Number of protein chains: 2
Amino acid sequence: MKLRPGTPVSEISLAEEFGVSRTPVREALQRLDKEKLVEIVPKSGTFVGRIPVSAVIEAIVARRALEVVIVRKAVERATPSQVLEFRARLERQREIARKNDLKTFHAEDEAFHAAFASVAGYPGIWEIIRTVKIQVDRYRQLTLPQEGRLDMVIREHKEIVDALESGDADRAVKSMEVHLDKLQLDIEVFGQTWPDYFIHDREIEGQ
Amino acid sequence: MKLRPGTPVSEISLAEEFGVSRTPVREALQRLDKEKLVEIVPKSGTFVGRIPVSAVIEAIVARRALEVVIVRKAVERATPSQVLEFRARLERQREIARKNDLKTFHAEDEAFHAAFASVAGYPGIWEIIRTVKIQVDRYRQLTLPQEGRLDMVIREHKEIVDALESGDADRAVKSMEVHLDKLQLDIEVFGQTWPDYFIHDREIEGQ
DNA sequence: CACTTCTTTCTTGTATACAAGATATATCTA
DNA sequence: TAGATATATCTTGTATACAAGAAAGAAGTG
């Protein structure tokens, strides 16, 4: 994890680093504040955002619900060429997994899911998912990557693509649910291990 | 509709109106820009956002998916006192409907749905719904309120609460789906009637 | 030594001046 | 008059100066 939650990030130091004034830095930080990636405390300082535990839980729930809708629509609209593109993606994932390149694999995984949203004609819904996913990804960066996880993910992806190709919407939805349910890890326990990195419901003010 | 889409809203005029400088106005406008409520064109001007047709369609789909999750969880977690609060809300809605106070009714309707999210323990998901809902609400302000619509809404609300009270999650979900499906109006036709108020997919750039 | 109080220094919040591009207007030219 | 061109004026983008509060440190006090 590059920047530990709670680490101060002052506007002026960022401005100097990027060679610009405080104004554009401020605007960028305000956007990040809204996405809960930083916490701006008036007259005090700006800090790398702690991960709101409840947000992670809700993000997983929300993502699941939205991806189910996406995959159902994708089955309805997918063309044969698009199905073949998914096959290509699966093969690419296998190649990346062989090299054990986690960073690239994560990017390709995200592209895989984004592709379903694109096929479904729901780019806006993917945008929502991408937003809530950020906190989940941040959380997952703290967990150790499990042995054989990549191959498991690819098998689940393949099952979804198989269902897509067969045109079986219910099966595709079921596969997607199975795939996404793997994200439900023991967050509460984890939040107690690195308490400073997380923020619990009670601490959240306003809004 | 108070401000017609496309109407220019300059930073300096807003600053004078509120008696502050451009800086805080800019920050507010940037937030609105992200929510697609205004469109900031660099070096040109800021305008009241046109309603992205595709966003409205996707918003309805996304909201439906998320509210289904919410209502299912709400049935699971609702306490008797919370059920009674919903009964009180229904009665209040009837009172407002009798006065034909559309503005208040809309606020109460939103509070009704927000209450389910609260009971479900998903305030963050409601925040997502609230965000996507904005464009839908803006669109609906352009449609004429239909005769007897309020009574219909209340009946649908009552059906959801009845299901909640009986603890029948599937029935509650079904009722919510029926309720929300009423939002699916003929958007495409409408977008052609007032073309300037809307923005179609092709016109959207970047982001 | 422990505690309180005051001062200094840091942070973000706001106002303002200037830069740069887009757009509308006026002017020139055929 | 019609069109093209140049100018003026508008907009947002950026830099900087100052204000106000928070936080950390120093100094005083028991």
Side-chain angles (χ1 to χ4, degrees), chain A residues 1-52 55 127 134-135 138 194-200 202-207, chain B residues 1-52 55 127 131 134-135 138 195-200 202-207:
Chain A
M1 190 166 241
K2 288 184 275 289
L3 266 57
R4 291 185 353 207
T7 307
V9 282
S10 81
E11 297 175 0
I12 196 166
S13 52
L14 280 176
E16 288 172 359
E17 187 174 341
F18 288 95
V20 293
S21 83
R22 274 182 58 208
T23 309
V25 171
R26 264 187 75 78
E27 292 174 350
L29 284 177
Q30 298 232 344
R31 280 193 290 273
L32 295 178
D33 178 66
K34 199 179 170 186
E35 291 185 19
K36 299 265 198 298
L37 289 176
V38 301
E39 296 177 60
I40 300 177
V41 183
K43 306 299 171 67
S44 173
T46 303
F47 311 89
V48 176
R50 290 165 295 171
I51 302 171
E127 192 58 30
I134 293 176
Q135 299 291 357
R138 267 170 32 104
W194 283 274
D196 292 347
Y197 289 3
F198 294 89
I199 185 173
H200 297 79
R202 207 59 58 78
E203 306 170 47
I204 299 173
E205 2 213 310
Q207 163 181 348
Chain B
M1 191 166 242
K2 289 182 275 287
L3 266 58
R4 291 183 357 206
T7 307
V9 282
S10 79
E11 296 176 0
I12 195 166
S13 52
L14 280 177
E16 287 172 0
E17 188 173 339
F18 287 95
V20 293
S21 82
R22 276 181 58 209
T23 310
V25 171
R26 266 186 74 79
E27 292 174 350
L29 284 177
Q30 298 232 345
R31 279 193 290 273
L32 295 178
D33 177 67
K34 199 180 172 186
E35 291 185 17
K36 300 264 200 298
L37 290 176
V38 301
E39 296 177 59
I40 300 177
V41 183
K43 307 296 170 70
S44 173
T46 303
F47 311 89
V48 177
R50 289 166 294 171
I51 302 170
E127 192 57 31
T131 304
I134 293 176
Q135 299 291 356
R138 262 165 42 99
D196 291 348
Y197 289 2
F198 294 89
I199 186 172
H200 296 79
R202 207 60 57 81
E203 307 169 44
I204 299 174
E205 7 210 307
Q207 145 201 357

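Every chain is numbered from 1 and lettered A, B, ... according to where its sequence line falls, protein lines coming before strand lines. Just so it is clear, the values below take in all heavy atoms, side chains as well, and ignore hydrogens, waters and symmetry mates. These numbers come from a predicted model, not from an experiment.
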K.L.:
For a 4.5 angstrom cut-off between non-hydrogen side-chain atoms, does A:Arg26 reach B:Arg26?
P.N.:
no
K.L.:
Heavy atom of residues 8-23 of chain B under 4.0 Å from DNA chain C: which residues?
P.N.:
B:Val20, B:Ser21, B:Arg22, B:Thr23
K.L.:
Taking the side chain as every heavy atom from C-beta outward, state whether B:Leu14 and B:Thr46 have any atom pair closer than 4.5 Å.
P.N.:
no
K.L.:
Mind listing the N/O atom pairs, protein and nucleotides 22-24 of chain C, below 3.5 Å?
P.N.:
{"unit_1": "C:dA22", "atom_1": "O4'", "unit_2": "B:Lys43", "atom_2": "O", "d": "3.2"}

K.L.:
When A:Phe47 is tested against each of A:Thr7, A:Val38, A:Val9, A:Val41 for side chain to side chain contact (heavy atoms under 4.5 Å, CB included), which residue passes?
P.N.:
A:Val41
K.L.:
Atom CD of B:Glu27 and atom P of C:dT12: how far apart are they, to the nearest Å?
P.N.:
12 Å
K.L.:
Minimum heavy-atom separation for A:Ala15 to A:Arg22, with atom names?
P.N.:
CB-N, 4.0 Å
K.L.:
So does B:Gly49 get a backbone contact from the side chain of B:Arg138, meaning a donor-acceptor N/O pair under 3.5 Å?
P.N.:
yes
K.L.:
With a 3.5 Å distance limit and no angle check, can you tell me whether A:Gln135 reaches the backbone of A:Pro52 through a side-chain donor-acceptor pair?
P.N.:
no
K.L.:
How far does CD of A:Glu27 sit from CG of A:Leu29, to the nearest 0.5 angstrom?
P.N.:
10.5 Å
K.L.:
Rounding to an integer number of Å, can you tell me how far A:Phe47 CZ sits from C:dT11 C1'?
P.N.:
8 Å
K.L.:
Without decimals, in angstroms, what is the distance between B:Ile40 CD1 and D:dC10 P?
P.N.:
21 Å
K.L.:
Expressed as a whole number of angstroms, how long is the span from A:Glu39:CD to C:dT11:C1'?
P.N.:
16 Å
K.L.:
Using modelled atom types and a 3.5 Å cut-off, is there a donor and acceptor pairing between side-chain atoms of A:Glu11 and backbone atoms of A:Val25?
P.N.:
no
K.L.:
Take atom CG of B:Leu29 and atom C1' of C:dT14, then tell me their distance rounded to the nearest Å.
P.N.:
16 Å
